[in-house]
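One structure is given here, and the rest of the page talks about it.
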Amino acid sequence: MRILFVCIGNSCRSPMAEAVMRDMLLRENLDWTVDSAALADWNVGRSPEERCLAVLRENGLDLEHIGRQIEADDFHRFDYIFGMDEGNVRDLMALAPENCPASVELLGNYRMKELDKIIFDPYFERGIHGFRRCYDQIVICCRNFIQQKRQPQ
């Protein structure tokens, strides 16, 4: 299984989801590939936002990710490409090549509740609270995704 998380800048939500999923896969002894990328090029070559890293550290996680922008080849290299909000999914669908083998989905679909399916961008919020909320949402979504995909077909 190959999973790519995508948000606008690859500095908050998608690298956080990458770190959470990597940790869960390690704990579950699953050899899946995980990465994250941006729709925009603002943070290419940069580390994630410091508040993102602080929340990861609070939860015993580390991430050595350098921001990158999604590439056309990603739609062929990954099985699942997750957007964090409806705008991300819409933009991903517009970028996806015809007959794209990757499943482009909203990560929040794995939240399993009608409310709270959108993982809101905390970048412009003051403080760290929004990043903690994102972390909590991402943990639930990643856990549910793993449980669903591990079940026998």
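Residues take their numbers from the sequence shown, with the count starting at 1. Here the structure is a predicted model, which is why all the values come from computation and not from measurement.
With a 4.5 Å cut-off on side-chain heavy atoms, M16 and V55 count as touching. Counting heavy atoms from C-beta outward, P97 and H76 have side chains that approach closer than 4.5 Å. Side-chain contact between T33 and M1: absent, with no pair of heavy atoms (C-beta onward) separated by less than 4.5 Å. Residues F120 and C134 are not in side-chain contact: their nearest non-hydrogen atoms beyond the backbone lie 4.5 Å or more apart. Residues V89 and V6 form no side-chain contact, since every pair of their non-hydrogen atoms from C-beta on lies 4.5 Å or further apart.
Checking side-chain atoms of N88 against main-chain N and O of M84 turns up a donor-acceptor pair under 3.5 Å. A side-chain donor-acceptor contact under 3.5 Å links Q69 to the backbone of L39. Judged by distance alone, the side chain of N59 and the main-chain N or O of L56 form no donor-acceptor pair under 3.5 Å.
Looking at every heavy atom in both residues, N10 comes nearest to A37 through ND2-N, 3.4 Å. Scanning all heavy atoms of the two residues, the minimum distance from I128 to A54 falls at CD1-CB, 3.8 Å. Residues M24 and C142 share a closest heavy-atom pair of SD-CB, 3.7 Å. Here the shortest heavy-atom pairing between S36 and P15 reads OG-CA, 3.6 Å. The two residues L63 and L53 have their closest heavy-atom pair at O-CD2, 4.2 Å. Contact record, C52 with C12: SG-O, 3.4 Å, taken as the closest heavy-atom pair.
Note that CD of E105 is 11.5 Å distant from CG of L92, once rounded to the nearest 0.5 Å. Between L30 atom CG and M21 atom CE the span is 9.5 Å, to the nearest 0.5 Å.
Listed by chain and number, the residues in a side chain to side chain donor-acceptor pair (under 3.5 Å) with N29 amount to none (sequence neighbours excluded). Not counting sequence neighbours, the partners of D79 by the salt bridge (charged side-chain N to carboxylate O under 4.0 Å, His left out) test are R2. Under the rule for a salt bridge (charged side-chain N to carboxylate O under 4.0 Å, His left out), the partners of E28 that lie at least two apart in sequence or sit in another chain are R150. Residues passing the side chain to side chain donor-acceptor pair (under 3.5 Å) test with D91, sequence neighbours excluded: none. Checked against salt bridge (charged side-chain N to carboxylate O under 4.0 Å, His left out), D62 has no partners two or more places apart in sequence or in another chain. Under the rule for a salt bridge (charged side-chain N to carboxylate O under 4.0 Å, His left out), the partners of R22 that lie at least two apart in sequence or sit in another chain are E18.
For residues 79-104, the pairs satisfying ring pair (Phe, Tyr, Trp, His ring centres under 6.0 Å) are F5-F82, Y80-F82, Y80-F145, F82-Y110, F82-F145, with sequence neighbours left out. The stretch residues 119-131 participates, sequence neighbours left out, in these side-chain hydrogen bond (donor to acceptor under 3.5 Å, both in side chains) pairs: E125-R133. Counting only residues at least two apart or in different chains, side-chain hydrogen bond (donor to acceptor under 3.5 Å, both in side chains) contacts with residues 47-58 comprise E49-R51, E50-R57, E58-R132. Counting only residues at least two apart or in different chains, salt bridge (Lys or Arg N to Asp or Glu O under 4.0 Å) contacts with residues 31-40 comprise D35-R68.
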Check against side-chain contact (heavy atoms from CB on, under 4.5 Å), L61 and Y135: CA-CA 11 Å; L61 303 180; Y135 178 86; 3.9 Å; yes

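Its side chain outside the 4.5 Å cluster rule for every partner, I140 clusters with none of the Ile, Leu, Val, Met, Phe, Trp and Tyr residues. Under the 4.5 angstrom side-chain criterion for Ile, Leu, Val, Met, Phe, Trp and Tyr, the cluster partners of I8 are W42.
The hydrophobic cluster containing V34 does not contain I66, counting ILVMFWY residues as joined when their side-chain heavy atoms lie under 4.5 angstrom apart, directly or transitively. Hydrophobic clustering of Ile, Leu, Val, Met, Phe, Trp and Tyr side chains at less than 4.5 Å, counting indirect connections, unites L106 with M93.
Salt-bridge check for K117 with D85: failed, with every basic side-chain N at 4.0 Å or more from each acidic carboxylate O.
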